[in-house]
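One structure is given here, and the rest of the page talks about it.
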2 protein chains.
Amino acid sequence: MSPKSTAAGKQPLSHVQLERAADVFSTLSELSRLQLLQELMPGPRTVSELVEATGMKQANVSKQLGILRSNRLVERERDGNFMHYSIADPMVVHLCEVVCESLRRQAVREAGKYV
Amino acid sequence: MSPKSTAAGKQPLSHVQLERAADVFSTLSELSRLQLLQELMPGPRTVSELVEATGMKQANVSKQLGILRSNRLVERERDGNFMHYSIADPMVVHLCEVVCESLRRQAVREAGKYV
DNA sequence: TGCGCAAATCGCCATATAGTGATATAGATA
DNA sequence: TATCTATATCACTATATGGCGATTTGCGCA
């Protein structure tokens with residue numbers, strides 16, 4: 001028999017897995033990085049396009065992209081002077097979807113309280 | 001027609017939604033809190049059980065549970081002197097699953113490089 | 001070789017927070 | 001009331017990091 005598909009039926013994660021998960025969540029924990037990822041969702045963007053789109057300073061955009069990249073959430077490709085950044089791991093999109101679903105459920109529940 | 005189910009087809013998240021998502025990810029970004037959540041996955045636990053299971057100091061367990069609770073990821077119920085904590089939002093479990101899937105895919109890809 | 005532009009890096013400061021020991025609070029029990 | 005236990009909170013330190021201006025690096029091109 002296959003294990004039940006509930007939390008109780010799952011194997012606990014190893015310490016190393018938990019550490020890596022914490023790293024991923026930590027990478028996504030900053031609004032500026034989520035903004036950058038959101039701008040990358042429709043497709044690749046250069047650093048200057050991201051600066052323009054987010055209003056962040058160039059130094060900061062580069063820094064946050066570096067953090068996203070060292071955590072393998074984005075990748076880049078050079079084109080002359082330009083660097084094209086893109087989302088490297090579809091996990092990012094899924095994670096945001098899961099969070100948003102929960103937020104929507106919460107909103108519905110909150111609204112229900114006052115009906 | 002319904003929108004495509006790709007990142008490009010999704011509405012961007014509002015600033016407020018992004019902020020809330022950052023909060024959730026931030027709450028999950030700490031190893032100690034992930035450890036606590038993992039201990040809660042099979043079912044409710046008291047603070048002292050969590051202290052015992054994780055090896056963390058009692059003050060720190062209470063503190064981190066407080067953070068999890070203020071972000072609505074866990075809830076608690078009093079039973080005499082004891083507080084029983086439990087996971088309040090199944091999102092937590094889903095998020096960990098999504099991250100782990102990605103880690104597994106990465107591991108497979110890494111292994112493939114050296115075959 | 002030198003110039004100009006895009007991006008990355010450096011040094012710095014300000015802030016946030018994990019973890020700690022000590023203490024306070026709240027419920028049970030006598 | 002006094003006291004014991006479980007949990008929460010306080011005050012503090014140490015560390016990590018976001019954001020910034022200044023500078024450097026890497027590439028294309030004259």
Side-chain angles (χ1 to χ4, degrees), chain A residues 15 18-40 43-88, chain B residues 15 18-40 43-88:
Chain A
H15 191 81
L18 270 192
E19 277 180 341
R20 175 66 184 137
D23 285 342
V24 170
F25 290 131
S26 182
T27 306
L28 296 173
S29 70
E30 194 61 27
L31 184 59
S32 59
R33 288 192 288 269
L34 289 185
Q35 287 178 146
L36 291 171
L37 287 171
Q38 172 143 289
E39 294 298 330
L40 292 179
R45 294 282 183 277
T46 66
V47 175
S48 13
E49 285 171 336
L50 292 170
V51 169
E52 163 76 15
T54 62
M56 295 164 60
K57 303 278 182 179
Q58 181 266 321
N60 194 24
V61 169
S62 275
K63 186 172 175 173
Q64 304 309 326
L65 286 171
I67 292 171
L68 288 167
R69 202 165 76 93
S70 67
N71 282 274
R72 299 166 186 269
L73 300 189
V74 304
E75 57 198 4
R76 66 180 180 184
E77 199 173 342
R78 184 179 280 285
D79 171 25
N81 278 338
F82 295 86
M83 280 291 187
H84 294 268
Y85 278 84
S86 55
I87 291 181
Chain B
H15 191 80
L18 271 192
E19 277 180 339
R20 175 65 186 140
D23 285 342
V24 170
F25 290 132
S26 181
T27 306
L28 296 173
S29 70
E30 195 60 28
L31 185 59
S32 59
R33 287 191 289 266
L34 288 184
Q35 288 178 143
L36 291 171
L37 287 171
Q38 171 143 288
E39 294 299 330
L40 293 179
R45 294 283 183 275
T46 66
V47 175
S48 13
E49 285 170 337
L50 292 169
V51 169
E52 163 76 14
T54 62
M56 294 165 60
K57 304 277 182 177
Q58 180 264 320
N60 196 24
V61 169
S62 274
K63 184 173 177 171
Q64 304 309 326
L65 287 173
I67 292 170
L68 289 167
R69 201 164 77 93
S70 66
N71 282 274
R72 299 166 185 268
L73 300 188
V74 304
E75 57 198 3
R76 67 181 179 182
E77 199 171 343
R78 184 178 281 285
D79 171 25
N81 279 339
F82 294 87
M83 280 291 188
H84 295 268
Y85 279 83
S86 55
I87 291 181

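Throughout, a chain's letter reflects where its sequence line sits, starting with A, and its residues are numbered from 1. Owing to the predicted nature of the structure, the values given are computational and were not obtained by experimental measurement.
Put simply, the side chain of B/Arg33 gets close to the backbone of B/Thr27: a donor and an acceptor are under 3.5 Å apart. The closest donor-acceptor contact from the side chain of A/Ser26 to the backbone of A/Asp23 lies at 3.5 Å or more, if one exists at all.
Protein atom CZ of A/Phe82 is 12 Å distant from nucleotide atom C1' of C/dG4, rounded to whole Å. Taking atom NE2 of B/His84 as the reference point, atom P of D/dA8 lies 12 Å away to the nearest angstrom. Whole-Å rounding puts the B/Leu36 CG to D/dT7 C1' distance at 14 Å. Rounded to a whole Å, the CG atom of B/Leu68 is 12 Å from the P atom of D/dA8. Regarding B/Leu65, its CG atom lies at a distance of 14 Å from the C1' atom of C/dG19, rounded to whole Å. If you take CG of B/Asp79 and C1' of C/dA28, they are 11 Å apart, rounded to a whole angstrom. The separation between B/Asn60 atom CG and D/dC12 atom P is 19 Å, rounded to whole Å. Taking atom NZ of B/Lys63 as the reference point, atom P of C/dG21 lies 13 Å away to the nearest angstrom.
For the pair A/Glu49 and A/Arg45, the tightest heavy-atom approach, listed with the atom from each and the gap, is OE1-CA, 3.2 Å.
Put simply, A/Arg78 has a side-chain N or O that comes within less than 4.0 Å of OP1 or OP2 on D/dC27. Put simply, B/Arg76 has a side-chain N or O that comes within less than 4.0 Å of OP1 or OP2 on D/dA8. Between A/Asn81 and the phosphate of C/dA6, there is no side-chain N or O to OP1/OP2 separation shorter than 4.0 Å. OP1 or OP2 of C/dA18 has at least one side-chain nitrogen or oxygen of B/Arg33 nearer than 4.0 Å. Residue A/Ser62 places none of its side-chain N or O atoms closer than 4.0 Å to OP1 or OP2 of C/dT9. Side-chain nitrogen and oxygen atoms of B/Lys57 include at least one within less than 4.0 Å of the OP1 or OP2 phosphate oxygen of C/dG21.
Nearest to the side chain of B/Tyr85, among D/dA8, C/dA8, D/dG18, sits D/dA8. You'll find that the side chain of B/Ser32 is closest to C/dG19, out of C/dA22, D/dT7, C/dG19.
Here B/Ile67 lies in heavy-atom contact (under 4.0 Å) with sugar-phosphate atoms only. Backbone-only contact: A/Ser48 has heavy atoms under 4.0 Å from sugar-phosphate atoms and none from a base. If you check every strand for non-hydrogen atoms under 4.0 Å, B/Arg69 touches nothing.
Residue order along DNA chain D, read from the 5' end via each residue's closest nucleotide, puts B/Thr46 first among B/Thr46 and A/Gln58.
To the nearest 0.5 Å, the span separating CD on B/Gln38 from OG1 on B/Thr54 amounts to 11.5 Å.
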### Task
I would like to know whether A/Ser62 and A/Gln58 meet side chain to side chain donor-acceptor pair (under 3.5 Å); could you show each step before the answer?
CA-CA 6 Å; A/Ser62 275; A/Gln58 181 266 321; 3.3 Å; yes
